[in-house]
Amino acid sequence: GTSKISSEQIRRLEELGVWWEQPDTWEEYFSALERYKADEGNGDPNCLGKYVTKDTPPLKLGSWLRRQRSGKKGRKWKISVQQIRRLEELGVWWEK
């Protein structure tokens, strides 16, 4: 048998908090957040939770941002102090 995992298994792992992203993926999302802020956000990077970029493939920027917030609180995901600082400098708020 093959060792591929199904998209359903991937989805279930993600719901459990498995973190797939590599640091370069974080940069990709951060750049997308900068573009959002400069464009649709009109200077505000805090997109809605369901926001998806117009990139190909589209990035689920809203859910990524939500993960950064829970990462800062230390739930499931951890984000670095440097990442927190960069998000803050961009204007991300941590509490609604």
Side-chain angles (χ1 to χ4, degrees):
T2 64
S3 60
K4 283 218 161 56
I5 64 173
S6 71
S7 54
E8 171 66 13
Q9 287 169 314
I10 289 172
R11 190 184 61 74
R12 286 166 64 187
L13 285 165
E14 284 177 344
E15 282 173 359
L16 286 173
V18 170
W19 186 235
W20 308 106
E21 289 178 5
Q22 301 305 311
D24 56 335
T25 312
W26 193 91
E27 294 296 339
E28 188 186 351
Y29 275 86
F30 186 79
S31 304
L33 198 62
E34 289 178 314
R35 290 196 303 274
Y36 174 85
K37 176 183 176 177
D39 189 24
E40 291 144 274
N42 292 317
D44 181 6
N46 297 286
C47 58
L48 295 172
K50 58 181 180 287
Y51 180 78
V52 177
T53 69
K54 296 178 179 69
D55 299 305
T56 312
L59 300 173
K60 291 182 179 171
L61 195 59
S63 58
W64 177 82
L65 188 56
R66 207 164 52 227
R67 282 203 300 268
Q68 304 313 299
R69 290 191 178 112
S70 54
K72 179 174 184 281
K73 295 186 183 107
R75 292 194 200 129
K76 293 187 186 174
W77 303 278
K78 292 275 190 284
I79 66 173
S80 72
V81 173
Q82 185 198 7
Q83 288 170 335
I84 289 170
R85 196 180 70 235
R86 288 174 63 194
L87 288 164
E88 284 177 348
E89 284 170 359
L90 194 62
V92 168
W93 38 252
W94 303 108
E95 303 297 334
K96 279 199 158 112

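Excluded from the calculations below are hydrogen atoms, water molecules and symmetry mates; all remaining heavy atoms, backbone and side chain alike, are included.
Looking only at side-chain heavy atoms (C-beta outward), L87 and Q68 come within less than 4.5 Å of each other. The side-chain heavy atoms of L33 and Y29, taken from C-beta on, include no pair separated by under 4.5 Å. Considering only heavy atoms from C-beta on, V52 stays 4.5 Å or farther from L59 through its side chain. Side-chain contact between T53 and R35 is absent, with no heavy-atom pair separated by less than 4.5 Å. Residues Y36 and L61 meet the side-chain proximity criterion, which asks for heavy atoms closer than 4.5 Å.
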Worked verdict on E95 versus K73 for side chain to side chain contact (heavy atoms under 4.5 Å, CB included): CA-CA 10 Å; E95 303 297 334; K73 295 186 183 107; 3.5 Å; yes
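A salt bridge links R86 with E27; the closest basic N to acidic carboxylate O contact falls under 4.0 Å.
Taking each heavy atom of A32 and D55 in turn, the nearest pair found is CB-OD2, 4.4 Å.
Judged purely by distance below 3.5 Å, without hydrogens or angles, the side chains of Y51 and E40 pair a donor atom with an acceptor atom.
Around atom NZ of K37, more than 12 heavy atoms belonging to other residues, nucleotides or ligands sit under 6.0 Å away.
With K72 contributing its side chain and W94 its backbone, the two residues share no donor-acceptor pair below 3.5 Å.
For the atom pair OG of S70 and CG of L65, the computed distance is 10.0 Å after rounding to the nearest 0.5 Å. Summarising the geometry, atom CD1 belonging to I79 is positioned 12.0 Å from atom CZ belonging to R85; distances are rounded to the nearest 0.5 Å.
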